Colleague: 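Pasting in a structure now, in structure tokens, and then I'll have a few things to ask.
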Amino acid sequence: MAKKNNNGNKKNQVNQQRVSNLPHYNNNKKNKAPSNVITGGVFHYSGMMTVSELAKELGLNASDIIKYLFMERKLMTNLNTTLDDELIGEVCLNWNFDFKKEKIVDVENFEELEIVDDIKDLVERPPIVVIMGHVDHGKTTLIDTIRDSHIAEGEVGLITQQIGAYQKEVNGKKITFLDTPGHEAFTAMRARGASITDIAIIVVAADDGVMPQTKEAIDHARAAGVKIIVCINKIDKPTADVERVKAELAQENIISEEWGGDIIFKEISAKKKIGIDDLLETILLVSEIEEYKANPKRYALGTVIEASLDRNEGPKATVLVQNGTLNVGDSVVVGNAFCKVRKMVNEYKKSLKSAGPSTPVVITGLDEVPIAGDRFMAYSDEKIAREVAEKRKLKARSQSMKNSSALSLEDLYSQIHEGEISKINIILRADLQGSVEAVKSALEKISIEGVKINIIRATAGAITESDVLLASASQAIIYGFNVRPDAKVRAKAQEEKVEIRLHSIIYALIEEIEAAMKGKLKPIEKEVVLGQAEVRNLIKISKVGVIAGSYVTEGIIKRDCLVRLIRDGVVIYTGKLGSLRRFKDDVSKVNQGFECGLTIADYNDLKEGDIVEAYELQEVKADGQ
């Protein structure tokens with residue numbers, strides 16, 4: 001049957017035509033854009049249709065449909081009556097057709113395309129493994145040992161400075177490894193919609209145990225929904241205590257199979273090459289159970305691992321082919337860039353003509369440098385690829401100030417009301433572990449029908465950039481209880497459009513979340529941070545108190561403003577500025593880059609290195625009212 005466009009929109013006709021011409025080696029109809037066709041007894045459609053259009057597509061008489069709707073639904077219809085999904089479904093079922101509504105995707109939004117490969121074209125692909133853990137726990141040394149190379153020795157300070165992608169052949173099968181400079185890059189990719197890994201190996205040093213970055217790596221792996229394998233490294237050291245590490249991980253709900261859990265634990269020494277073969281075989285076993293497959297017969301699509309501007313070769317990118325096969329000469333859209341693949345090499349700088357699923361390669365020929373986490377897709381038609389890249393560039397420019405993967409508290413009500421949200425992700429930071437447990441317990445007791453609070457991280461200490469990245473990737477709101485973000489973290493939150501809410505009273509925090517969930521947010525006093533000053537020296541004067549010789553590191557400090565004293569990211573005291581001086585003169589404000597002397601009203605316990613944060617309160621009407 002002829003393909004129809006039900007709303008008569010010319011733009012959609014063009015876009016559908018282009019999507020239908022997306023390059024697939026097998027030209028499988030299931031991989032094309034939605035169209036109103038009957039395939040194997042299933043009617044595929046993309047939106048509302050008139051009675052006349054539906055009758056023509058199903059090969060029925062329109063009068064029979066009109067009669068059926070009148071007899072069964074008491075509906076008066078004619079040839080031009082538009083039918084919604086429910087009525088289309090009823091008609092299909094009455095005439096024994098299965099039906100499926102499919103989304104029309106503009107060709108430039110290739111990330112949204114639903115790829116449905118014919119099962120006979122799917123073949124086993126190498127598993128993609130990311131290695132994460134605390135600094136200096138042996139992540140890169142493990143990769144070094146697996147590859148029998150010497151990456152770690154050549155690195156500055158023996159710490160990974162960039163993302164690397166490598167392959168290892170084990171028992172005739174390949175495994176793809178991503179070695180990252182911590183979980184930040186891994187999370188940044190996920191924040192851009194790129195789910196690129198199958199298995200996360202969490203490396204924990206047997207002599208050091210679970211550290212802050214270990215916990216963060218676990219959080220990120222869980223948020224990504226990947227399989228977790230724990231590697232307890234450095235078991236050869238005299239101070240190694242494997243059972244202690246297992247107990248500490250159990251506190252993070254990472255419980256080994258030996259202890260009745262479902263997480264695979266492996267004891268290794270990357271340096272002494274102990275347990276490495278067993279680890280590799282375990283990865284292959286997990287891969288076999290999970291059945292990771294892809295279709296090498298289609299043109300390639302995948303994700304950018306890293307990108308740079310090379311002085312000799314121009315823009316270049318390390319990409320991971322996730323499906324299909326990438327060839328030299330292919331026309332590829334990489335993020336918003338166009339690329340006619342001029343050259344392709346593997347991690348050993350060996351030139352390749354083609355790269356199949358799960359293969360990392362470095363490509364050259366790009367017209368600009370993409371971003372880590374960008375998706376790429378190859379096209380059979382160079383002209384279409386160039387047009388797609390141009391459209392994506394224009395769209396990126398127009399939306400650069402609007403896009404946000406994060407979620408604000410004021411967004412909650414409308415999205416809950418529209419059924420778009422059933423779970424609220426929260427990252428919680430507090431000054432003390434006891435405070436963490438108290439706030440977490442109170443949050444978990446909140447009961448609002450249809451909505452659940454999901455605390456994806458709850459720890460003591462200052463709010464960090466890692467918290468912001470995790471919030472951005474998982475659409476979470478950060479709550480701080482008696483802690484403060486520093487200027488760098490605030491800037492990162494603003495860049496990622498992540499909301500940080502700060503409280504010092506538990507019931508106020510709980511009431512705020514409940515009000516947002518119920519759509520009853522009251523006008524609130526919004527805090528506006530004016531600036532910060534670092535205490536450089538202290539002068540004690542009788543009858544005056546302690547004068548803090550300070551340097552304004554950000555913004556301004558104003559006379560009579562509200563202040564809080566921050567020590568190691570934790571709020572020590574909240575009050576009011578007592579006095580503000582430049583040399584011997586009282587001043588109304590001191591700008592960034594200048595020194596000043598200040599006192600805090602009714603408080604003298606200042607120390608060198610403390611941060612004095614100045615702020616104001618402004619009443620703001622909350623959304624959702």
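In this chain, numbering begins with 1 at the start of the sequence shown. The model shown is predicted, which means the values in this text are computed figures rather than measured ones.
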Colleague: About how many Å separate NZ of K293 and OG of S287, when rounded to the nearest 0.5 Å?
Modeller: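 Reported to 0.5 Å precision, the distance equals 10.5 Å.
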Colleague: Quick one: list whatever passes side-chain hydrogen bond (donor to acceptor under 3.5 Å, both in side chains) with T459, sequence neighbours left out.
Modeller: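 T459: side-chain hydrogen bond (donor to acceptor under 3.5 Å, both in side chains) contacts with R429.
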Colleague: Which residues satisfy the salt bridge (Lys or Arg N to Asp or Glu O under 4.0 Å) test with E347, sequence neighbours excluded?
Modeller: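 Partners of E347 by the salt bridge (Lys or Arg N to Asp or Glu O under 4.0 Å) criterion come out as none, since no residue qualifies.
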Colleague: Decide yes or no for S466 and H220: does some side-chain heavy atom of the first lie under 4.5 Å from some side-chain heavy atom of the second?
Modeller: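 Contact flag for S466/H220 side chains = yes.
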Colleague: What pairs meet the side-chain hydrogen bond (donor to acceptor under 3.5 Å, both in side chains) rule with one or both residues in residues 240-254, with sequence neighbours excluded?
Modeller: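 For residues 240-254, and leaving out neighbouring residues, the side-chain hydrogen bond (donor to acceptor under 3.5 Å, both in side chains) pairs sorted by first residue read R244-E248, K246-E258.
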Colleague: Identify whether the distance between the nearest side-chain nitrogen and carboxylate oxygen of D381 and K383 falls below 4.0 Å.
Modeller: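 The answer is no: the pair does not qualify as a salt bridge.
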Colleague: Can you list everything that forms a salt bridge (Lys or Arg N to Asp or Glu O under 4.0 Å) with K271? Sequence neighbours excluded, please.
Modeller: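 None.
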Colleague: Got a donor-acceptor contact below 3.5 angstrom from the D330 side chain to the N327 backbone?
Modeller: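 Yes.
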Colleague: Under the rule for side-chain hydrogen bond (donor to acceptor under 3.5 Å, both in side chains), what residues qualify as partners of S256, not counting sequence neighbours?
Modeller: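 None.
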Colleague: Search all heavy atoms of I427 against all heavy atoms of D467 and return the closest pair with its distance.
Modeller: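 For I427 and D467, the tightest heavy-atom pair comes out as CD1-O, 3.4 Å.
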Colleague: Output every pair passing side-chain hydrogen bond (donor to acceptor under 3.5 Å, both in side chains) with a member in residues 348-360, not counting sequence neighbours, ordered by first then second residue.
Modeller: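 Listed once each, the pairs are R125-S358.
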Colleague: Between D117 and N323, do the side chains contain a donor N or O and an acceptor N or O under 3.5 Å apart?
Modeller: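 Looking only at side-chain atoms, D117 and N323 do form a donor-acceptor pair, the distance falling under 3.5 Å.
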Colleague: When rounded to the nearest 0.5 angstrom, what distance separates CG in N233 from CD1 in I201?
Modeller: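 The CG atom of N233 sits 11.0 Å away from the CD1 atom of I201.
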Colleague: In chain order, what residues pass the salt bridge (Lys or Arg N to Asp or Glu O under 4.0 Å) check against D278, with sequence neighbours excluded?
Modeller: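 Partners of D278 under the salt bridge (Lys or Arg N to Asp or Glu O under 4.0 Å) test: K266.
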Colleague: What residues form a side-chain hydrogen bond (donor to acceptor under 3.5 Å, both in side chains) with D236, not counting sequence neighbours?
Modeller: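 Checked D236 against side-chain hydrogen bond (donor to acceptor under 3.5 Å, both in side chains); matches are S269.
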Colleague: Output all residues satisfying side-chain hydrogen bond (donor to acceptor under 3.5 Å, both in side chains) with K340, sequence neighbours left out; order by chain, then residue number.
Modeller: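 If we apply the side-chain hydrogen bond (donor to acceptor under 3.5 Å, both in side chains) test to K340, skipping adjacent residues, the hits are E382.
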Colleague: For the pair T214 (side chain) and M211 (backbone), establish whether a donor and an acceptor sit closer than 3.5 Å, ignoring hydrogens and angles.
Modeller: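 Yes, because the side chain of T214 sits within donor-acceptor range (under 3.5 Å) of the backbone of M211.
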Colleague: Indicate yes or no for a side-chain donor-acceptor contact from H137 to the backbone of A205 under 3.5 Å, with no hydrogens or angles considered.
Modeller: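 Looks like yes, one N/O pair under 3.5 Å.
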Colleague: Given 3.5 Å as the limit, does a donor-acceptor pair link the side chain of T145 with the main chain of K273, or not?
Modeller: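 The answer is no, because no donor-acceptor pair under 3.5 Å joins these two groups.
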Colleague: Just list the side-chain donor-acceptor pairs under 3.5 Å for residues 360-372, sequence neighbours left out, or say none.
Modeller:
from: D367; atom 1: OD1; to: F338; atom 2: N; distance (Å): 3.1
from: D367; atom 1: OD2; to: K393; atom 2: NZ; distance (Å): 3.1

Colleague: By salt bridge (Lys or Arg N to Asp or Glu O under 4.0 Å), which residues pair with K174, not counting sequence neighbours?
Modeller: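 Partners of K174 under the salt bridge (Lys or Arg N to Asp or Glu O under 4.0 Å) test: none.
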Colleague: Among all residues two or more places apart in sequence or in another chain, which pass the side chain to side chain contact (heavy atoms under 4.5 Å, CB included) test with A462?
Modeller: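 Side chain to side chain contact (heavy atoms under 4.5 Å, CB included) check on A462 returns nothing, list empty.
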